[in-house]
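Report on the following structure.
Labels below follow one simple rule: chain letters A, B, ... track the order of the sequence lines, proteins then strands, and each chain is numbered from 1. In this text the structure is predicted, and so the values were computed from the model without any measurement.
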Amino acid sequence: MFSWIATPLTYGFMQRGMLAAVLVGVLCAIVGCYVVLRSMAFLGDALAHAVLPGVAIAYLIGGNLTVGALVAAVVVAVVISVFSRQGTVKEDTAIGIVFAAALALGVALISSVRAYAVDLTHILFGNVLGVGPADLWLIVGIGAIVLATMLVLYRQLLVIAFDPVLAATQRLPVERLRMLLLILIALTIVVSLQTVGVGLVAAMLVTPGAAAYLLTRRLPAMMAVAALIGAVSGIAGLYLSYYANIASGSAVVLVATVLFTIVFLVAPRRGLIWRHLNRPTRTV
Amino acid sequence: MHTDTQHQLPAHLEVDHLVVAYERRRALDDISFRVAYGDRVVLVGPNGAGKSTLFKALVGLVKPQSGTIRIHGMPLGVHTDCVAYVPQREDVDWRFPVTVADVVMMGRFGRLGWFGRPGRADRAAVEHGMELMGVAHLARQSIGDLSGGQQQRVFLARALAQEPHILLLDEPFTGVDLATQETTLSLLDALHDQKVTIILSTHDLGLAAARFERVLLINRRLIGDGTPAEVLTHEHLSDAFGGQVLTLPDGAVLVDQCACHEQDEILPKVER
């Protein structure tokens, strides 16, 4: 009766893929709460695309692709923050410049190597079914570092996100904490690439958090609900991918989007339908 | 306090020849004043006079080009928790998912250090702050669901939870209801009795004259410092507000702050 659930899991690559999708879904969702609250969706997307030249260079010099991606993401996070801190260029402009430049450089580098075309699609759109045991350990390791940092510095990150003025009066190093948050987002993006790819990782950062925001009124609850939505999207997305025979990254993102749409419509108090039913009645 | 008299206590706050500039424009030019222990001062001036900038300099949010600020005789940064600052309400993201109690607890974070956990004293201070400001019943509400006046009170409760020696309030009466204004004023009276030093900015000259013993009038530079009668003169007001001052035939002075959405303020003629 439940064989349709069990059958795909008889394959080793599906088990690993399922695990990777859940881990990435949870990690992206929790980190993504800050992306949603600080309106950094565009920045997340830019960071994701910016890892492309890093991966390409690592490939050309025969290095580790993940290390290449990590270095590129951190470099771009620092460059964007320096550009916008001077106040001469607005942040979204700075992001737009760096993001397009990095993407162009990445594609240029990759196009110089012919045989790389297949790997490029994997980087752009992910290939969760190709996740090996080493990749899983990488996700677990970096994910644990990111989540532990967020837990230990929960109060500091909360204050700089909600009220940077209070943070500054309490003598918190606001700029450094902001940079740290960017680096945590960059790390999350890098370990998510194998699962959902450069093109779709921004959705995994933003969509579960946006849905959770509509359902909760405190940050810890928002993170928990986002993590649940991220995990469910990962699992349901992989089944969808298996049975409908569609690309796994797209399937995961599409499930997350459907969940967001449902929440957007029916969420109590903030959902579209609730607000429609409770709109102020006009006096005749 | 074990000192003989209060007059021998060092000034809580000393500002000497303070200059703050954004780009090339001077926002504050050579401002000097002293505020003694437990004093209550109102800061007035037209829009763009640098009232908010002065507060931001006092809490270390903007760096002065020159001049010094001393608190308890020490430079800024030595005391991290004795100055509480209530910014203008527009400076805060009200859609953030935090409850009233969460926001008030943030006032304790400065005392907790990097890795401390809130203890009984912290929770008690949060509870006390919320009760004084009449928002204890809203503790579990989202801040986004509150009215403007309630939001203002939550921020005052947070400032109280900080248990500051010096409280800086930037335009606390703008856009709030009369009840909140009265609650705020009676809170200020209570804090005054507890010898908390208070500096408050407002564009409501009538309120400044009626409720404060000392007025600082600024427009980038310090124009007047003294009692309302000494400072809010036609001469000083013309100096600060320029063409926005109109003297009516009966001697009343009308100040038109056109950039501001509040109505014009009329204040009675003061002794010259």
Where does [X] contact chain A at under 4.5 Å (heavy atoms): side chain, backbone, both or neither?
X: F155(B); answer: side chain
X: Y85(B); answer: side chain
X: W94(B); answer: neither
X: R95(B); answer: both
X: D93(B); answer: both

Using the rule side chain to side chain contact (heavy atoms under 4.5 Å, CB included), only one of V59(B), L61(B), D170(B), V86(B) pairs with V165(A); which is it?
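Going through V59(B), L61(B), D170(B), V86(B) one by one, the side chain to side chain contact (heavy atoms under 4.5 Å, CB included) with V165(A) is satisfied by L61(B) alone.
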So for atom [atom1], which belongs to [X], do other residues, nucleotides or ligands contribute more than 12 heavy atoms lying within a distance under 6.0 Å?
X: H192(B); atom1: NE2; value: yes
X: W114(B); atom1: CH2; value: yes
X: F264(A); atom1: CZ; value: no

So which residues of residues 145-157 of chain A are in contact with chain B at a heavy-atom cut-off of under 4.5 Å?
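Under the 4.5 Å heavy-atom cut-off, V152(A), L153(A), R155(A), Q156(A) qualify.
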Report, by ascending residue number, the residues of residues 222-235 of chain A in heavy-atom contact with chain B at a distance under 4.5 Å; give 'none' if the set is empty.
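Those residues of residues 222-235 of chain A which have a heavy atom under 4.5 Å from chain B are M222(A).
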For chain B, the option from L37(A), V174(A), T216(A), L158(A) that forms the most heavy-atom pairs under 4.5 Å
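With the most close heavy-atom pairs to chain B, the winner is L37(A).
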Which of S142(B), G107(B), G144(B) touches chain A most, by non-hydrogen pairs under 4.5 Å:
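If we count pairs closer than 4.5 Å to chain A, S142(B) comes out on top.
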With a 4.5 Å limit on heavy-atom distance, are the side chains of V83(B) and T169(A) in contact?
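Answer no - side chains too far apart.
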Flag side-chain contact, heavy atom, 4.5 Å: F96(B) against D163(A)
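Of all side-chain heavy-atom pairs linking D163(A) with F96(B), none is under 4.5 Å.
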Quick one: pull up CG in D102(B) and CZ in R217(A) and give me the separation to the nearest 0.5 Å.
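Atom-to-atom, D102(B):CG and R217(A):CZ are 11.5 Å apart.
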Measuring heavy-atom distances to chain B, does A161(A) have an atom under 4.5 Å in its side chain, in its backbone, in both, or in neither?
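For A161(A), the contact with chain B is made by backbone and side chain together.
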